[in-house]
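First the proteins, then the strands, lettered A, B, ... as listed; each starts at 1.
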2 protein chains.
Amino acid sequence: MSNAKVLPLLEADGQGVAPCCPPLTERPMTAEEAETAARMFKALGDPVRLRLFSAVASHEGGEACVCDISDVGVSQPTVSHHLKKLREAGLLTSERRGTWVYYRVEPSVLAAMGKLLTMPAAA
Amino acid sequence: MSNAKVLPLLEADGQGVAPCCPPLTERPMTAEEAETAARMFKALGDPVRLRLFSAVASHEGGEACVCDISDVGVSQPTVSHHLKKLREAGLLTSERRGTWVYYRVEPSVLAAMGKLLTMPAAA
DNA sequence: TGTCTATGTTGACGCTCATCAATACAGGTG
DNA sequence: CACCTGTATTGATGAGCGTCAACATAGACA
């Protein structure tokens with residue numbers, strides 16, 4: 001249940017975090033940048049994971065118990081597997097509270113991915 | 001070399017296009033929405049494709065010849081394969097002009113993906 | 001016509017991934 | 001303690017993917 005930064009997609013800089021890479025449109029990504037960013041996109045590149053992530057992100061309070069979101073048409077072990085992937089990608093964190101485990105989104109990572117897809121100001 | 005909308009990730013609505021899905025944080029995605037959006041993220045979920053896409057997106061004029069961007073450490077057939085994937089995902093379009101083939105980004109799709117990652121106004 | 005360059009396609013190989021059943025673990029309740 | 005519920009892990013299986021060498025195709029030019 002560790003929330004350790006298994007894959008540090010963002011780097012801490014004092015308070016808060018900085019995006020891993022510049023916008024895709026700014027300059028060609030380096031191999032290292034691409035490796036890092038691709039992990040994030042890959043994590044969202046599965047329909048089941050996307051639904052799980054969206055369910056957590058849109059849940060009231062910004063967090064959801066597994067039992068709240070596990071109705072996505074796959075078995076319970078598969079749900080657990082995908083949640084782990086999302087956690088390892090740095091998109092979700094988890095916390096056990098009594099009987100249930102709660103997942104919540106990592107907002108800074110979401111913002112960083114959004115910046116990656118930013119278009120130049122004057123298109 | 002067809003640019004036909006193999007995977008219509010956006011739907012035309014008069015002039016311009018509308019995003020396929022609401023922001024991930026607005027409400028849980030349906031299975032269909034997730035299927036559609038996951039294709040886009042999956043296409044960017046490979047480091048080589050991400051570098052190719054970034055190279056095209058950041059190239060002057062918003063387009064690039066394959067010869068301009070194919071130096072990403074894999075063989076020429078592999079580059080061609082990945083460019084095809086990006087084209088099929090609706091992220092790039094291609095056009096042959098004489099000897100060379102030029103790729104350019106589909107800006108509306110990029111914008112749609114950005115909106116997907118939008119955070120609620122008051123976090 | 002033939003030849004050269006640029007790009008796409010085919011077929012095969014190895015690896016990764018999504019999925020499930022079975023099992024294990026954690027915490028609550030009796 | 002035993003038992004139940006919620007969640008994670010293990011191990012296996014089949015499908016999909018990234019990669020390359022070999023070949024095919026398209027256009028330019030002589």
Side-chain angles (χ1 to χ4, degrees), chain A residues 1-4 6-7 31 34-35 37-53 55-56 59 63-89 91-104, chain B residues 1-4 6-7 31 34-35 37-53 55-56 59 63-89 91-104:
Chain A
M1 209 68 51
S2 134
N3 287 329
V6 183
L7 293 175
E35 202 79 41
R39 274 195 287 264
M40 298 189 281
F41 287 115
K42 193 174 188 179
L44 294 182
D46 178 88
V48 173
R49 278 197 294 270
L50 208 44
R51 291 187 72 189
L52 289 171
F53 184 82
V56 173
H59 204 265
E63 71 173 13
C65 166
V66 176
C67 56
D68 291 327
I69 59 173
S70 51
D71 191 22
V72 289
V74 294
S75 69
Q76 176 269 321
T78 302
V79 169
S80 192
H81 166 74
H82 284 305
L83 288 174
K84 183 179 185 179
K85 288 283 191 115
L86 289 167
R87 205 162 15 94
E88 289 175 343
L91 294 171
L92 294 179
T93 59
S94 68
E95 181 193 359
R96 172 158 226 138
R97 289 208 291 274
T99 302
W100 296 280
V101 176
Y102 291 84
Y103 282 77
R104 57 169 53 241
Chain B
M1 209 68 51
S2 136
N3 287 329
V6 184
L7 292 174
E35 203 78 42
R39 275 195 286 264
M40 299 190 280
F41 286 114
K42 194 173 186 177
L44 294 183
D46 178 88
V48 172
R49 279 198 295 271
L50 207 44
R51 291 186 72 187
L52 289 171
F53 183 82
V56 172
H59 203 264
E63 71 173 12
C65 167
V66 176
C67 57
D68 291 327
I69 59 173
S70 51
D71 191 23
V72 287
V74 293
S75 69
Q76 175 269 321
T78 301
V79 169
S80 191
H81 167 74
H82 284 305
L83 287 173
K84 183 179 184 179
K85 288 285 191 107
L86 288 167
R87 203 161 17 95
E88 287 174 345
L91 294 170
L92 294 180
T93 60
S94 66
E95 181 193 357
R96 170 158 228 137
R97 289 208 292 274
T99 302
W100 296 279
V101 177
Y102 292 83
Y103 282 78
R104 59 170 50 243

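Side-chain N or O atoms of Thr78(A) include none that pairs as donor or acceptor with a backbone N or O of Val74(A) at under 3.5 Å. Side-chain atoms of Arg39(B) do not come within 3.5 Å of backbone N or O of Phe41(B) as any donor-acceptor pair.
Contact check, Ser75(A) against dC20(C): a side-chain N or O comes under 4.0 Å of OP1 or OP2. Contact check, Tyr103(A) against dA8(D): a side-chain N or O comes under 4.0 Å of OP1 or OP2. Taking only side-chain nitrogens and oxygens, His82(A) comes nearer than 4.0 Å to OP1 or OP2 of dT19(C). The side chain of Ser80(A) places an N or O atom within less than 4.0 Å of a non-bridging phosphate oxygen (OP1 or OP2) of dA8(D).
For the side-chain hydrogen bond (donor to acceptor under 3.5 Å, both in side chains) criterion with His82(B), the lone passing option out of Arg49(B), Arg51(B), Arg87(B) is Arg49(B).
Arg49(B) comes within 4.0 angstrom of sugar-phosphate atoms only, judged by non-hydrogen atoms across all strands, and of no base. Residue Val79(B) is classed as having no contact, given no heavy-atom separation below 4.0 Å to the nucleic acid. Nucleic acid contact for Thr99(B): sugar-phosphate only, since backbone atoms but no base atoms lie under 4.0 Å from a heavy atom of the residue. Contact annotation for His81(B): base contact, defined as any heavy-atom pair under 4.0 Å involving a base atom.
Of the two residues near DNA chain C, Val74(A) and Cys65(B), the one whose nearest nucleotide lies more 5' is Cys65(B). Each of Gly45(A) and Pro77(A) lies near DNA chain C, and the nucleotide nearest Gly45(A) is the one positioned closer to the 5' end.
Rounded to whole Å, the distance from CD on Gln76(B) to P on dC23(D) is 15 Å. Rounded to an integer number of Å, the gap from NZ of Lys42(A) to P of dG16(D) is 16 Å. Rounded to whole Å, the distance from CH2 on Trp100(B) to P on dC4(C) is 18 Å. Atoms CZ (Arg96(B)) and P (dT5(C)) sit 15 Å apart, rounded to a whole Å. Distance, Arg87(A) CZ to dT9(D) P: 7 Å, rounded to whole Å. Between Lys84(A) atom NZ and dT19(C) atom C1' the separation is 15 Å, expressed in whole Å. Spacing between atom CG of Leu83(B) and atom P of dA6(C) amounts to 16 Å, rounded to whole angstrom units. In this structure, Glu95(A) atom CD and dA26(C) atom C1' are separated by 15 Å, rounded to whole Å.
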For Thr93(A) and Tyr103(A), run side chain to side chain contact (heavy atoms under 4.5 Å, CB included): C-alpha distance rounded to whole Å, both residues' side-chain angles, the deciding distance at 0.1 Å, then the answer. CA-CA 6 Å; Thr93(A) 59; Tyr103(A) 282 77; over 6 Å; no
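The side chain of Cys67(B) lies closest to dT7(C), out of dA8(D), dT19(D), dT7(C). Residue Lys85(A) places its side chain closer to dC17(C) than to any other of dC17(C), dA8(D), dC20(C).
In summary, Glu63(B) and Arg97(B) engage in a salt bridge, as defined by a charged side-chain N under 4.0 Å from a carboxylate O.
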